[in-house]
Q: 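To start, I am sharing the structure in question, which I have written as structure tokens.
Atoms within each ligand, like the ligands themselves, are counted from 1 in listed order.
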Amino acid sequence: MGLVVQKFGGSSVANTERIRNVASIIADTYKAGNNVVVVLSAQGDTTDDLIAKAQEINPHASKREMDMLLSTGEQISVSLCAMALEGMGFPVVSLTGWQAGIRTNSAYGSARIKRVVSERILAELDRRSIVIVTGFQGINKYDDITTLGRGGSDTSAVALAAALHADLCQIYTDVDGVYTADPRIVPDARKLEEITYDEMLELASLGAQVLHNRSVELAKQYNVNLEVVSSFTRQPGTKVKEVVKTVEKLHVSGVAKDTKIARIALVGLLDQPGIAYKVFSLLAKKGINVDIILQSIGRDETKDISFTISKSDLETARTALEEAQESLGYDHMTISDSVAKVSIVGAGMANNPGVAATMFEALYNGSINIHMISTSEIKVSVLVDVADADRAVQVVHEKFFSEFGR
Ligand code: ASP
Ligand code: MG
């Protein structure tokens, strides 16, 4: 007998019929002799609807009250699902994050799980109950409800799987696995049987919205056996693990696109030591993450520095940099938010020269202009015009998956 944690996303529990479907997946897992802990998201668009309601009442509501409100969506799903299983004759109990012992730090709206006090869950499992826990939430040291950030239920599931030493953590969603590219952009994208934690982390942060980033970090840290699978097809999904079988080791595992970014260029900075330090420590103080950075030689003993940040940080960055224009001593700033980052990710890239060149060749053949480039051991990213982004994904995917493909 094993312990399985199963997480179902909002679309998998969107209505009564789908909750029944989820209940029957849970029931089958239980009947196979497993202990089952289930984590659910809020139904369908519930979280968005709750946010809209809050906006109507008070657009500046405190984060504490937002968490109080948003955590209710998950309570609805878990109780309904428990009722479905009760109706089918199974022993079952639903628990809030608090009842399940999920303790977080105090950052309302983006809390991090610090530990899981698992006594209650273990006691329920001892009684052979199915345990259904609200995703996306916990409590902090003030006994206040906190939420983990949008998409955080994946992280709840992985944290529970780690704390309970589960044999498997299945993330059920409306896609049946991790693909080599977004199938809406590349119709012949393929489903990967396996992918490494590191590749998955890169893909998640690059905008392939399959798993919450933090959940993959946790899975890697605690070596949780993770699987992405569809609640609709019940077909084998994609396994996320430390090392993948060699047959699966493609040079490139996926092509991703991120359009939620903006580029800032500071033109005419003095060419002297300490300038980069001043610019980026200013941004760091504002809590702004900087991604691709490019420094180039400008005119007359000056230099230019351009970099990308998340679009949501653009206004904060703009204001901070404008205020500091004199002390930083740049001539002017240009901003573009019509850019996108297109990236290839692959653990096999590190030992195979020419991967980046192949990507650039594909973009060249597609007459797509590259504004910036950045690389890491397992990733090559380019910044392109947002208008070119989908086509960039297509030509790059075509190049890698018809030449190097299996
Ligand atoms: N319900 C939350 C959201 O919509 C958490 C989740 O679905 O993972 O972001
Ligand atoms: Mg999700």
Side-chain angles (χ1 to χ4, degrees), residues 5-15 18-19 21-22 25-26 37-55 61 63-82 94-98 100 102 104-105 107-113 116 132-140 145-162 169-175 178 200-201 203-205 207-219 224 226-232 237 240 260 310 312:
V5 174
Q6 300 185 310
K7 181 259 171 179
F8 298 88
S11 56
S12 302
V13 291
N15 54 41
R18 290 194 184 169
I19 290 180
N21 172 50
V22 161
I25 295 176
I26 298 167
V37 174
V38 176
V39 173
L40 298 183
S41 289
Q43 293 186 280
D45 297 328
T46 304
T47 309
D48 290 328
D49 296 345
L50 290 171
I51 291 172
K53 272 191 185 146
Q55 283 283 330
K63 288 186 170 173
R64 183 200 180 274
E65 296 308 328
M66 286 304 291
D67 280 0
M68 190 66 158
L69 178 70
L70 297 192
S71 62
T72 62
E74 272 69 14
Q75 268 197 61
I76 297 177
S77 323
V78 295
S79 47
L80 289 175
C81 186
S94 66
L95 301 175
T96 64
W98 168 61
I102 298 176
T104 73
N105 68 7
Y108 300 101
S110 55
R112 288 175 73 111
I113 297 177
V116 178
I132 309 188
V133 181
T134 53
F136 176 57
Q137 59 176 274
I139 57 161
N140 65 17
I145 297 175
T146 51
T147 66
L148 309 181
R150 296 306 304 272
S153 299
D154 296 343
T155 298
S156 310
V158 174
L160 285 174
C169 180
Q170 294 182 309
I171 307 285
Y172 282 85
T173 168
D174 49 6
V175 295
V178 181
M200 194 62 231
L201 269 175
L203 288 173
S205 65
Q209 264 130 20
V210 185
L211 288 175
H212 196 228
N213 227 355
R214 179 89 186 107
S215 72
V216 188
E217 273 172 32
L218 270 183
V224 173
L226 198 62
E227 190 183 0
V228 178
V229 29
S230 159
S231 61
F232 301 115
V240 190
K260 294 189 194 126
S310 151
S312 58

Q: Report the part of His212 (side chain from C-beta onward, or backbone N, CA, C, O) that has a heavy atom under 4.0 Å from ligand 1; answer both or neither where that applies.
A: neither
Q: Which residue, Arg214, His212, Lys7, forms the side-chain hydrogen bond (donor to acceptor under 3.5 Å, both in side chains) with Thr155?
A: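 The passing option is His212.
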Q: Numbering the atoms of ligand 1 from 1, which are under 4.0 Å from a heavy atom of Arg150?
A: 3 (C), 4 (O), 9 (O)
Q: Taking NZ, NE, NH1 and NH2 as the nitrogens, is one of them in Arg150 or Asp48 under 4.0 Å from a carboxylate oxygen of the other?
A: yes
Q: Determine, using heavy atoms of Gly152 and all atoms of ligand 1, whether some pair is separated by less than 4.0 Å.
A: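 So Gly152 counts as touching ligand 1.
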Q: Treating Ser12 as the side-chain partner and Phe8 as the backbone partner, does any N or O pair qualify as donor plus acceptor under 3.5 Å?
A: no
Q: Output yes when the distance from some N or O of ligand 1 to some N or O of Ser41 is under 3.5 Å, and no in every other case.
A: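 Such a contact does occur with ligand 1.
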Q: Just wondering, are more than 12 heavy atoms of other shown residues or ligands nearer than 6.0 Å to CE in Met66?
A: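 Enclosed.
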Q: Is the closest side-chain donor-acceptor distance between Asp154 and Ser215 under 3.5 Å?
A: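 Short answer, no.
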Q: For atom 1 (N) of ligand 1, tell me which residue out of Lys7, Glu74, Gln43 has the closest non-hydrogen atom.
A: Glu74
Q: Looking only at non-hydrogen atoms, which of Gly135, Ser153, Ser11, Ser215 approaches atom 8 (O) of ligand 1 most closely?
A: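 It is Ser153 that holds the nearest heavy atom.
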Q: Could you list the atoms of ligand 1 found under 4.0 angstrom from a heavy atom of Gly151?
A: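 Listed by number with element, the hits are 3 (C), 5 (C), 6 (C), 8 (O), 9 (O).
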Q: Without hydrogens or angle criteria, can the side chains of Thr146 and Asp67 be said to hold a donor-acceptor pair below 3.5 Å?
A: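 Distance-only check fails for Thr146 and Asp67.
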